[in-house]
Amino acid sequence: MARDKIINIAVIAHVDAGKSTLVDAFLNQSGVFRENEEVVECVMDSDDIERERGITIYSKNCSVMYKDVKINIVDTPGHADFSSEVERIMKTVDTVILLVDSSEGPMPQTRFVLKKSLEQGINPILLINKIDKKDKRIDEVVDEVYELFMDLEASDEQLDFPILYGIARQGIVVREPVDVEGIEIGAGNNKIRKNPNGNRPAGLSIAPLFETILEHCDVYPDRTAEPLQLQISSLGYDDYIGRLGIGRITRGIITEAQTVAVADDEGNVRNAKVNQVFTYKGLKRTSVKEAQAGDIVVLSGISDISIGETVCDPSCIEPMEMIKIEEPTLSMNFMVNKSPFAGKSGKYVTSRHLKERLEKELEVNVGLLVEPTDSTDSFKVSGRGELHLSILIENMRREGYELAVSKPEVIMRRGENGQPQEPIEEVVVSVPDEYAGTVISKLNMRKGMMTQMTGENGYSRIEFLVPTRGLLGYRSEFINDTRGEGTMVRRFECFDDYKGDIPQRTNGVAIAQEPGVSTPYALFNIGERVQMFIAPGTRVYEGMIVGMNSRSDDMVVNPCKAKKATNMRAAGSDEAIRLSPHREFTLEEALEFINDDELVEIVPDDIRIRKKILNELERRRSGRHYE
């Protein structure tokens, strides 16, 4: 069998820098698609939630052929909460393409993904993307990237990285920005939206990036004669063939129906048989008889394979170092839904269902930690951030699960001298100058410490170090304070000494007094003092939260009160009632909103907020403190 020339690359960047769009351009210009094939944007973001939110959550593989070299490409998430996806795949690639926005420059997550690649000894390629922006500042951004490399103690070889410039959505990469000067990309209504294949100015393509990859990175060395060694870096699942292990063959050859040894770093070894071997051709997983060293493969047949384990030749067992994943920083309790509406819309409602689903998630989501609690109906689930956990909850909701979750809590730990320590995050906000004072004041109240502030074109860019506790529930407040014009990105920085008490939500809530169906008449009267969370005709139960009080105390209300007809007037003869629009919560907003004594009830067709103790009298008793 002739040996393939193989190079494995990963595309890494901060969220929204254009990673998935660049992968689209790779695929389009390497002839993966037929001429008449209809192709969606960000074709690698295949998950429903990824498409809806416009973000990458799971790292995914594809491959292209350029000249006689097979290039395996890994598209990685840019969001800090999914950094465990990035940590795993760094061992499987030969080089990384670091994308940086031509106006934003390096952002907190850029630092994280770059740090992980430099630790593996990888020499990156820098691509300054979106150079058609009006507010581009290419030279300053390149200087900022050099500073970032030096901050991360890059070696001389790593500092000698090639720099390219591109417009990924047009499928254009050039070696110098002047190469696209004077070329009309399109303006106004004629502006070419993401179209990496057609309508590109003649002579411009992604070829300079392909050439740079071949110049900068050697093909994987020929190690096919050595004994087999392959580390599993991620897992997949197929309804027909079961669990799949994905990883790069470090050395040797793997064939279908081969007997192998599976080892972990603790010395446990078991024999297994590989059923089928797949490699990537374009976006498709293709079954092959055998695969060689350097290639990224998918194995079926080993039902208990897990991330970090090494597949070896039984005659030469050498486990590779297990993949280290950073610790979770946030936890919440997942509970069986016990509200009066439990079981009305979900298929999976018991603690057994909940336990099995969380165990299944643990197999593929290595950044997650699940622990039992004192109650058999509740599990403590820890992850890397609110988004990490809320994506899991959203997936479960769509699959037909019902559950209730508590307020997210940060995970504390003890320092060297036994002092309590909490996670601290680096926060970068970009806001119009007139809102900067409000944002600084709010983050100071939340124990934030400003580290840097710069201003340009009427916008202030402010960098803070803030305890994770202080950021819980802040995002929606930030959007309101900046009238939706500000951007905020955050990244876990370190654990540091406990910063003291942080003020929580100052408003109380309106709690439904009895079960029933809400009426416009009742909501109109309540709405004078309360921002409503429900619309007329909504079914409610006792203890359900129906609005936010304008004052700090909780208020029990009756949203189901109907207007009674008397001999003096008819029920519908008064003027038409006009209600203010009610506030609808997304899952993340609901998790941010609740206090310690409240829960978010999540069912397939709704998200409700409720008190932990539904009965008013029992709530009062539990709040009493006897001397």
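Side chains included, hydrogens not; waters and symmetry mates left out as well; all remaining heavy atoms used. Every value quoted in this text rests on a predicted model; they were computed, and no experiment measured them.
The two atoms that bring Asp605 and Ser345 nearest to each other are OD1-OG, 3.2 Å, heavy atoms only. Nearest heavy atom pair, residue Pro420 against residue Met412, reads CB-CE, 4.4 Å.
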List the atom pairs, donor and acceptor, that lie under 3.5 Å between side-chain atoms in residues 421-432 and the rest of the protein, sequence neighbours left out.
unit_1 : atom_1 : unit_2 : atom_2 : d
Gln421 : NE2    : Asp497 : OD1    : 3.4
Glu422 : OE1    : Arg469 : NE     : 2.6
Glu422 : OE1    : Arg469 : NH2    : 3.3
Glu422 : OE2    : Arg469 : NH2    : 3.1
Glu422 : OE2    : Lys499 : N      : 2.9
Glu425 : OE1    : Arg490 : NE     : 2.9
Glu425 : OE2    : Thr468 : OG1    : 3.1
Glu425 : OE2    : Arg490 : NH2    : 3.2
Glu426 : OE1    : Arg491 : NE     : 3.4
Glu426 : OE1    : Arg491 : NH2    : 3.0

Tabulate below the donor-acceptor pairs under 3.5 Å that side-chain atoms of residues 527-540 make, not counting sequence neighbours, or state none.
unit_1 : atom_1 : unit_2 : atom_2 : d
Thr538 : OG1    : Ala535 : N      : 3.4
Thr538 : OG1    : Ala535 : O      : 2.6

Let me have the donor-acceptor pairs involving side chains of residues 404-411, under 3.5 Å, with sequence neighbours excluded, atom names and distances please.
unit_1 : atom_1 : unit_2 : atom_2 : d
Ser406 : OG     : Asn333 : N      : 3.0
Lys407 : NZ     : Ile594 : O      : 3.2

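The neighbour count for Asp304 CG, taken as heavy atoms of other residues, nucleotides or ligands under 6.0 Å away, is above 12. For OH of Tyr435, the number of neighbouring non-hydrogen atoms (other residues, nucleotides, ligands) closer than 6.0 Å is greater than 12. Annotation: Met450, atom CE; neighbour count of heavy atoms from other residues, nucleotides and ligands within 6.0 Å is above 12.
Applying the side chain to side chain contact (heavy atoms under 4.5 Å, CB included) rule to Val556 yields the partners Gln513, Glu616, Arg619; only residues at least two apart in sequence or on another chain are considered. Residues satisfying the salt bridge (charged side-chain N to carboxylate O under 4.0 Å, His left out) test with Lys355, not counting sequence neighbours, are Glu359.
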Check against salt bridge (charged side-chain N to carboxylate O under 4.0 Å, His left out), Arg608 and Asp606 = CA-CA 6 Å; Arg608 294 185 276 264; Asp606 205 1; 3.3 Å; yes

For Ser390 and Glu589, what are the C-alpha separation, side-chain angles and deciding distance, and is it a side-chain contact (heavy atoms from CB on, under 4.5 Å)?
-> CA-CA 10 Å; Ser390 70; Glu589 287 168 347; over 6 Å; no

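The six-membered or imidazole ring of Phe334 lies away from that of Phe379, with a centre-to-centre distance of 6.0 Å or more.
Listed by first and then second residue, the salt bridge (Lys or Arg N to Asp or Glu O under 4.0 Å) pairs that reach into residues 328-353 are Lys338-Asp377, Arg352-Glu356, sequence neighbours excluded.
In the model, Asp481 has no side-chain atom that pairs as donor or acceptor with a side-chain atom of Thr438 under 3.5 Å.
Of the residues Arg610, Glu514, Glu601, the one that meets the side chain to side chain donor-acceptor pair (under 3.5 Å) test with Tyr541 is Glu601.
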